[in-house]
S.K.: 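Handing you a structure now.
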Amino acid sequence: MTTASICTIGDEILIGQIVDTNSSNISRELGALGIKTTRMVSISDSRDDIIDSLTEELENNDIVICTGGLGPTKDDITKDALAELSGSFSYVRHDGQLEVVKRILSSRGIDILDINMAQADVPDKCEVIVNQRGTAPIMVFRFPEKQFRHEAVLYSLPGVPYEAIAALPAIMDDIKAHFPIASIIHRTLMTYGIAESALAKLIEPWEDALPESMHLAYLPNQITGVRLRLSVYGADENSDAALDEQLAKLKEIVGQYIYSECDDTLQGAIGRMLRGSGKTICAAESCTGGEIAHLITTVPGASEYFLGSVTSYAPEIKTKLLGVSPETISNEGIVSSVVACGMAEGVRKLMGSTYSVATTGWADSYGDEHEPAGTVWVAASGPNGTRSARFQYRNDRLRNIERFAASALNLLREVILDDMK
């Protein structure tokens with residue numbers, strides 16, 4: 001099997017100043033080609049560290065993809081280190097990348113300086129894939145078998161995620177043209193409302209009986225739930241049918257928790273259910289502070305079915321705008337089923353939507369005699385009535401808000417689904 005290593009270059013990652021998101025995106029694309037990522041390595045802004053680390057990775061892998069260290073300033077030394085590693089003798093100016101540099105800077109009204117034009121200079125032993133979204137070129141270095149005891153290739157990408165991700169299709173095309181690609185098939189089920197450990201216990205007999213050629217991965221996420229990925233590496237003409245057979249058995253076991261059969265989100269699933277139906281949704285958010293509205297509007301075309309959201313953080317907004325009575329709040333507590341239902345029904349009436357969802361809870365250290373910190377009541381309302389549910393999480397404030405919003409979206413999805421049935 002073809003193997004790969006992913007390297008990030010830059011002190012800003014090692015000191016925690018920025019979070020590396022490039023590696024996960026690159027690994028995902030490599031996996032889709034059947035290429036195994038063996039290591040992810042972070043390298044400091046040191047010429048010796050860059051050369052030594054990349055040499056080790058090239059000795060042990062067919063492919064190395066590195067990101068970062070390609071800016072115009074003197075502290076970005078990756079290009080010089082790569083020139084030394086590849087045995088280049090000089091730099092050449094790449095006309096295609098130079099045109100992009102001029103276009104980008106001119107569009108921003110920035111004077112084009114020598115330091116900017118130098119970004120189009122590359123070591124003479126590299127190939128260039130023009131970076132259409134930034135000024136630093138994508139460099140490709142091919143190494144013969146005699147250097148690392150096997151043929152190897154190094155791809156150097158800009159560290160800016162917007163640019164690195166945009167470069168991946170061209171990188172993957174180049175890999176497919178130069179390396180044998182194993183046939184791989186994936187099937188995905190998205191689940192929500194069951195913990196990873198409980199899910200593993202539920203499907204344990206089924207998992208134990210899987211053929212040796214199949215591999216199951218659990219991929220938990222607090223916002224999207226647990227993704228189950230069933231894969232066959234080195235697939236043949238019978239693999240599709242075998243996967244479908246096993247997937248059908250799995251769906252019989254966990255069907256109530258499944259909301260999608262592709263790599264998806266709860267808000268994406270809701271969007272597919274509503275798009276073209278003429279039905280609409282809205283939200284009333286207290287403890288989630290707009291997170292539900294944010295998630296819903298990340299889906300392209302959400303304006304077709306999402307009317308809006310009220311962030312009813314203060315009690316008086318719940319009463320004056322949403323119609324929840326002060327007596328209800330006083331008697332039941334602001335974090336309660338009755339208040340959540342009142343908020344959902346009030347915002348639905350206010351906006352005239354088909355469905356609505358609401359949250360009220362304690363996201364961090366606060367709480368009252370009724371509900372401890374980390375508790376949320378969510379409610380979803382529709383033509384056939386209103387449902388509420390209580391959830392309790394033990395995370396920090398931001399994680400609790402994210403989980404509150406996801407739980408609310410899942411309840412909304414269930415209410416819409418029940419109506420459609």
Side-chain angles (χ1 to χ4, degrees), residues 1-10 13 20-43 50 53-71 76 78-79 81-83 85-86 88 92 94-101 104 119-144 147-148 150-184 186 233 263:
M1 176 180 287
T2 303
T3 62
S5 171
I6 302 170
C7 302
T8 55
I9 298 174
I13 292 176
D20 170 32
T21 58
N22 287 331
S23 293
S24 59
N25 284 297
I26 295 169
S27 180
R28 191 179 304 117
E29 293 295 323
L30 290 170
L33 295 183
I35 294 172
K36 181 180 180 181
T37 299
T38 62
R39 279 160 56 92
M40 292 182 181
V41 180
S42 291
I43 306 170
I50 293 171
S53 296
L54 292 181
T55 297
E56 180 179 353
E57 299 311 307
L58 286 163
E59 287 174 345
N60 291 287
N61 292 279
D62 305 296
I63 299 164
V64 174
I65 302 179
C66 64
T67 64
L70 300 178
D76 288 308
T78 298
K79 192 187 294 185
L82 294 178
L85 177 65
S86 63
S88 295
V92 295
H94 192 274
D95 292 337
Q97 192 63 52
L98 181 60
E99 288 304 310
V100 175
V101 171
I104 290 176
Q119 285 204 276
D121 294 344
V122 297
D124 58 25
K125 288 194 176 180
C126 87
E127 301 170 16
V128 171
I129 297 174
V130 175
N131 174 12
Q132 297 291 347
R133 298 194 178 186
T135 56
I138 299 150
M139 296 179 288
V140 184
F141 298 87
R142 304 191 195 279
F143 297 93
Q147 187 160 352
F148 297 112
H150 61 91
E151 292 185 0
V153 62
L154 168 65
Y155 299 92
S156 175
L157 281 62
V160 180
Y162 170 75
E163 299 176 33
I165 293 171
L168 292 182
I171 299 296
M172 297 305 138
D173 285 344
D174 189 83
I175 289 173
K176 286 187 286 186
H178 291 87
F179 290 93
I181 302 301
S183 179
I184 180 171
H186 296 298
Y233 295 88
D263 193 0

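FYI, the numbering just counts along the sequence from 1.
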S.K.: How many angstroms lie between CG in D20 and CD1 in I26, if you round to the nearest 0.5 Å?
M.R.: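 It is 8.0 Å, given to the nearest 0.5 Å.
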S.K.: If I compare all heavy atoms of H150 with all of L58, which pair ends up nearest, and what's the gap?
M.R.: NE2-O, 2.9 Å
S.K.: Take I63 and Y155, measure what side-chain contact (heavy atoms from CB on, under 4.5 Å) needs, and give me the verdict at the end.
M.R.: CA-CA 8 Å; I63 299 164; Y155 299 92; 4.0 Å; yes
S.K.: Grab the two heavy atoms, one from I35 and one from T3, that are nearest each other, plus how far apart they are.
M.R.: CG2-C, 4.1 Å
S.K.: Excluding sequence neighbours, so at least two apart, what forms side chain to side chain donor-acceptor pair (under 3.5 Å) with Q97?
M.R.: none
S.K.: Heavy atoms only: give me the nearest K125-S86 pair and the separation to one decimal.
M.R.: CD-O, 3.3 Å
S.K.: Under the side-chain contact (heavy atoms from CB on, under 4.5 Å) rule, collect the residues that match up with Q132, sequence neighbours excluded.
M.R.: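 If we apply the side-chain contact (heavy atoms from CB on, under 4.5 Å) test to Q132, skipping adjacent residues, the hits are V100, R103, V130.
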S.K.: List for me each residue that meets side chain to side chain donor-acceptor pair (under 3.5 Å) alongside S156, sequence neighbours excluded, and say none if there are none.
M.R.: none
S.K.: Tell me every residue that passes ring pair (Phe, Tyr, Trp, His ring centres under 6.0 Å) with F148, counting only those two or more places apart in sequence or in another chain.
M.R.: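 Here the qualifying residues are F143.
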S.K.: For I50 and A81, work out which heavy atoms get closest and say how close.
M.R.: CG2-CB, 3.7 Å
S.K.: Please enumerate all residues that pass salt bridge (Lys or Arg N to Asp or Glu O under 4.0 Å) together with D121, with sequence neighbours excluded.
M.R.: R93
S.K.: For N131 versus A136, what's the shortest heavy-atom pair and its separation?
M.R.: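 That would be ND2-O, 2.9 Å.
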S.K.: Using the test side-chain contact (heavy atoms from CB on, under 4.5 Å), find all partners of S27 that sit at least two apart in sequence or belong to another chain.
M.R.: I6, T37, M40
S.K.: In chain order, what residues pass the side-chain contact (heavy atoms from CB on, under 4.5 Å) check against E151, with sequence neighbours excluded?
M.R.: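 Listed in chain order: E145.
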S.K.: Quick one: closest heavy-atom pair of P158 and N22, and the distance?
M.R.: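 Of all heavy-atom pairs spanning P158 and N22, the closest is O-ND2, 4.5 Å.
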S.K.: As an exercise, state the distance from NZ of K79 to OG of S88, rounded to the nearest 0.5 Å.
M.R.: 11.5 Å
S.K.: Under the salt bridge (charged side-chain N to carboxylate O under 4.0 Å, His left out) definition, can you give me all pairs with a residue in residues 162-183, not counting sequence neighbours?
M.R.: R142-D174, D173-K176
S.K.: Report the residue from N61, V64, V140 that forms a side chain to side chain contact (heavy atoms under 4.5 Å, CB included) with V153.
M.R.: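 Testing V153 for a side chain to side chain contact (heavy atoms under 4.5 Å, CB included) against N61, V64, V140 leaves exactly one candidate, V140.
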S.K.: For T2, which residues count as a side chain to side chain donor-acceptor pair (under 3.5 Å) partner, sequence neighbours excluded?
M.R.: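 Counting only residues at least two positions away or on another chain, T2 forms no side chain to side chain donor-acceptor pair (under 3.5 Å).
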S.K.: Can you tell me how far apart SG (C66) and CG (L54) are? Round to the nearest 0.5 Å.
M.R.: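 Those atoms lie 5.5 Å apart.
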S.K.: Pair M172, L30 - check side-chain contact (heavy atoms from CB on, under 4.5 Å), show working.
M.R.: CA-CA 7 Å; M172 297 305 138; L30 290 170; 4.0 Å; yes
S.K.: Who pairs with N60 by side-chain contact (heavy atoms from CB on, under 4.5 Å), at least two apart in sequence or on another chain?
M.R.: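 For N60 the side-chain contact (heavy atoms from CB on, under 4.5 Å) partners, ignoring immediate neighbours, are E56.
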S.K.: For the atom pair CD1 (I65) and CD (E29), what is the distance rounded to the nearest 0.5 Å?
M.R.: 9.5 Å
S.K.: Hey, could you give me the OG/CD1 distance between S42 and I13, rounded to the nearest 0.5 Å?
M.R.: 5.5 Å
S.K.: S24: what forms a side chain to side chain donor-acceptor pair (under 3.5 Å) with it, not counting sequence neighbours?
M.R.: none
S.K.: Drop me the distance from L85's CG to T55's OG1, to the nearest 0.5 angstrom.
M.R.: 4.5 Å
S.K.: State which residues pass salt bridge (Lys or Arg N to Asp or Glu O under 4.0 Å) with R133; sequence neighbours excluded, sorted by chain then number.
M.R.: none
